[in-house]
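Heads up: the structure comes next, in structure tokens.
Hydrogens, waters and symmetry mates play no part in the numbers below; they use all other heavy atoms, side chains included. Not measured: the values here are computed from a predicted model. Just so it is clear: chains get the letters A, B, ... in the order the sequence lines come, proteins before strands, and each one is counted from 1.
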Number of protein chains: 2
Amino acid sequence: MDTQNTVKAGAGPIRRETLHHAAVAELRAMILAGALRPGSRVPEVKLCDQLGISRTPLREALRVLAADGLVELRPHRGAVVTPIDPQEIADVFEVLEALEMLAGRLACQRGTAEEFADLDRLHAQLVAQFAAGDRPGYFTTNRRIHARIVAMARNPSLEATQSGFASKILRARSLANDDAERWRSSLAEHEGFMAALRRRDAEAAGNLLGAHSRLTANAVLLALNGGA
Amino acid sequence: MDTQNTVKAGAGPIRRETLHHAAVAELRAMILAGALRPGSRVPEVKLCDQLGISRTPLREALRVLAADGLVELRPHRGAVVTPIDPQEIADVFEVLEALEMLAGRLACQRGTAEEFADLDRLHAQLVAQFAAGDRPGYFTTNRRIHARIVAMARNPSLEATQSGFASKILRARSLANDDAERWRSSLAEHEGFMAALRRRDAEAAGNLLGAHSRLTANAVLLALNGGA
DNA sequence: AATCGTCATTTTGTATACAATCTGGCACAT
DNA sequence: ATGTGCCAGATTGTATACAAAATGACGATT
């Protein structure tokens with residue numbers, strides 16, 4: 001489930017990327033952005049000249065995405081973008097809740113002062129975006145905050161897993177937008193776990209992050225089931 | 001991180017397996033069994049005629065395993081079986097602890113009576129194997145018990161994630177054998193969470209399973225660092 | 001009229017051929 | 001003697017060609 005493809009720029013950014021690697025990134029972005037809609041077929045040749053590559057690297061990319069669960073491969077019947085199954089989203093949220101709890105606890109114990117300061121800066125930005133009614137900005141910052149907290153846990157396995165799950169959920173959220181009430185609650189929850197993080201209260205931070213995840217799940221699933 | 005490749009036999013076992021699919025299973029088994037040792041290179045052509053397939057399906061299989069983290073692909077430099085990094089194992093255990101806690105809680109809430117009975121049967125087998133001093137049998141049954149508990153949680157995402165993590169740990173355990181003392185403790189911990197499971201005590205079962213995971217981690221990491 | 005069987009088309013699965021890159025050793029200069 | 005530059009061999013990355021399977025339509029049969 002390795003999702004992190006960015007290498008820490010040591011000295012020279014030699015840009016040694018293979019085609020299938022780039023294809024994975026491209027296709028993942030297309031799927032997450034909704035350019036390839038859930039349930040839609042993924043014809044190989046069409047995508048090949050669209051991406052300007054041959055079938056071999058594209059197919060290798062599809063296998064990787066299939067391992068990630070973003071596409072499904074039916075033998076001899078082609079690949080389809082994995083449909084969004086509300087039950088699966090619920091399952092993912094259930095696991096994510098546990099992961100966020102863990103991340104919150106560990107972040108308190110292992111985060112550096114600079115990271116906490118950075119987090120505060122991001123949170124301030126989040127508050128500003130809420131005040132400005134900037135929904136897309138809010139969501140982006142929101143994602144970055146959670147990613148940052150997970151990074152502070154100093155656990156690459158946790159980070160990779162959380163990232164993969166967040167991706168799956170992102171697809172669902174793109175079609176199920178929260179209402180204003182949920183938005184307000186979300187910000188309040190952020191205020192809550194930020195307070196716990198600031199005082200390095202590992203237990204509280206973990207619990208609040210878990211609760212935030214669960215409440216988000218409720219809202220998303222409600223929109224998903226209600227909207228359909 | 002989909003690890004489950006077995007389809008529930010509906011009516012006809014049509015055995016529609018593609019080569020790369022079979023190659024993934026084969027290679028994964030070889031890696032977990034230690035036939036391909038950690039850190040060793042994975043020459044494509046050699047494995048090709050060893051498995052009797054061409055390079056294309058083998059390469060596709062390697063990408064999938066790379067996504068799972070079992071092999072690492074260096075561009076133009078070939079693939080290597082991911083070396084066992086004690087820090088990574090520690091990280092994986094850290095996440096696994098949270099997953100096992102979740103699984104234990106959910107299993108209590110969602111497992112059927114037959115499943116609990118089955119679990120009891122497996123546990124009895126485990127006790128017998130301990131008494132008989134059958135280490136390999138004990139480990140196999142141990143794995144099956146944990147897999148069964150996770151299955152009882154009725155959460156495919158959790159199941160797949162736990163399975164992937166368990167695989168990584170399995171590789172480490174194959175070279176770091178527990179001592180007799182740890183073996184005894186392990187059985188005692190099993191008795192503990194089994195008791196909690198029998199009375200459907202979700203909180204206790206989760207906590208005990210988590211603790212079991214943490215104690216196992218300590219032992220494995222000790223053997224890993226001490227043995228090296 | 002409806003259903004089943006058959007076939008052409010299309011798409012996928014696999015194999016092989018070609019191009020690009022890396023590895024290791026050797027000659028040469030310092 | 002040591003380090004540098006270059007070259008041959010080997011290995012991987014990509015593209016294309018061929019084989020196998022599924023889809024959909026058409027016609028035959030009941």
Assess the residue pair B:Glu60 and B:Thr18 against the criterion (side-chain contact (heavy atoms from CB on, under 4.5 Å)); give the C-alpha distance rounded to whole Å, side-chain angles, the decisive distance to 0.1 Å, and a yes or no.
CA-CA 11 Å; B:Glu60 291 178 350; B:Thr18 59; over 6 Å; no
Under a 4.0 Å heavy-atom criterion, the protein footprint on nucleotides 8-20 of chain C, written with B, S and -, is ---SBBBBBB---
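- Relative ring orientation between A:His212 and A:His146 is described as parallel, the plane-to-plane angle staying below 30° on a 0-90° scale split at 30° and 60°.
- Between the A:Glu100 side chain and the A:Glu97 main chain, no donor and acceptor come within less than 3.5 Å of each other.
- Between the side chain of B:Thr141 and the main chain of B:Gly137, a donor-acceptor pair closer than 3.5 Å is present.
- Side-chain polar atoms of A:Thr216 and A:Arg182 form a donor-acceptor pair below 3.5 angstrom.
- Side chains of B:Thr82 and B:Arg171: no donor on one and acceptor on the other come within 3.5 Å.
- Across the protein-nucleic acid pair, B:Leu58 atom CG and D:dG13 atom P stand 11 Å apart, rounded to whole Å.
- There is no side-chain donor-acceptor pair under 3.5 Å between B:Asn155 and B:Glu159.
- The overall bend of the helix from C:dA1-D:dT30 to C:dT30-D:dA1, read as the angle between its terminal helix axes built from five base pairs each, is 10° when rounded to 10 degrees.
- The 12-atom threshold is exceeded at CZ of A:Arg110, counting heavy atoms of other residues, nucleotides or ligands nearer than 6.0 Å.
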